[in-house]
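Working notes, structure below.
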Amino acid sequence: MEKVDFNSLIDHNSILVINQKGSLRKLYCPFRVLCVESISNIQKGTWYYIDRVKEDPRTKIHYCIGDIEYPYRNFHIYIMF
């Protein structure tokens with residue numbers, strides 16, 4: 001099996017997701033997420049589009065909605081592949 005350098009696949013305009021079967025897929029911004037925990041002016045149960053992805057050493061990934069950054073853990077991505 002060939003090794004993959006995942007850092008070369010990550011940028012601010014996309015995110016890698018993995019399904020339960022272990023398949024990878026790259027989602028490009030804007031992609032849609034569901035808020036599962038309210039934060040700031042973002043309401044639980046509301047769908048949002050992610051404009052940009054940003055890495056943070058403490059929380060790993062932030063999603064940018066407009067000009068505001070939110071931790072990824074407040075959102076779920078629902079896709080089928």
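These figures come from a predicted structure and were not determined experimentally. Just so you know, these numbers use all the heavy atoms, side chains as well, and skip hydrogens, waters and symmetry mates.
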If only atom types and distance count, is the side chain of N74 paired as donor or acceptor with the main-chain N or O of E37 below 3.5 Å?
yes
Interatomic distance, E55 atom CD to H12 atom NE2 [nearest 0.5 angstrom]:
6.5 Å
Nearest 0.5 Å, please: how far is CD1 in I39 from CZ in R73?
7.0 Å
Value rounded to 0.5 Å, distance of CD1 in I68 from NE2 in H62:
12.5 Å
Partners passing side-chain contact (heavy atoms from CB on, under 4.5 Å) against Q43 (at least two apart in sequence or in another chain)
S38, T46, Y48
Common cluster, I42/I77, ILVMFWY with side-chain heavy-atom separation under 4.5 Å
yes
Could you check whether any side-chain N or O of N13 sits under 3.5 Å from a backbone N or O of C29, counting only pairs where one atom can act as donor and the other as acceptor?
no
If you link ILVMFWY side chains whenever their heavy atoms are less than 4.5 Å apart, which other residues fall into the same cluster as L34? By chain and number, please.
W47, Y78
Looking only at the side chains, is there a donor atom on one of Y70 and N41 sitting less than 3.5 Å from an acceptor on the other?
yes
Y63 vs F31 aromatic rings, parallel, tilted or perpendicular, using cut-offs 30° and 60°?
perpendicular
dist I65:CD1 -> S40:OG (nearest 0.5 Å) comes out at 10.0 Å
Would you compute the distance between atom CD1 of I18 and atom OG of S23 and round it to the nearest 0.5 angstrom?
7.5 Å
Taking side-chain contact (heavy atoms from CB on, under 4.5 Å) as the definition, give me every residue that meets it alongside R25, ordered by chain and number, with sequence neighbours left out.
V17, L27, I79, F81
Output the distance between atom OH (Y72) and atom CD1 (I15), rounded to the nearest 0.5 Å.
9.0 Å
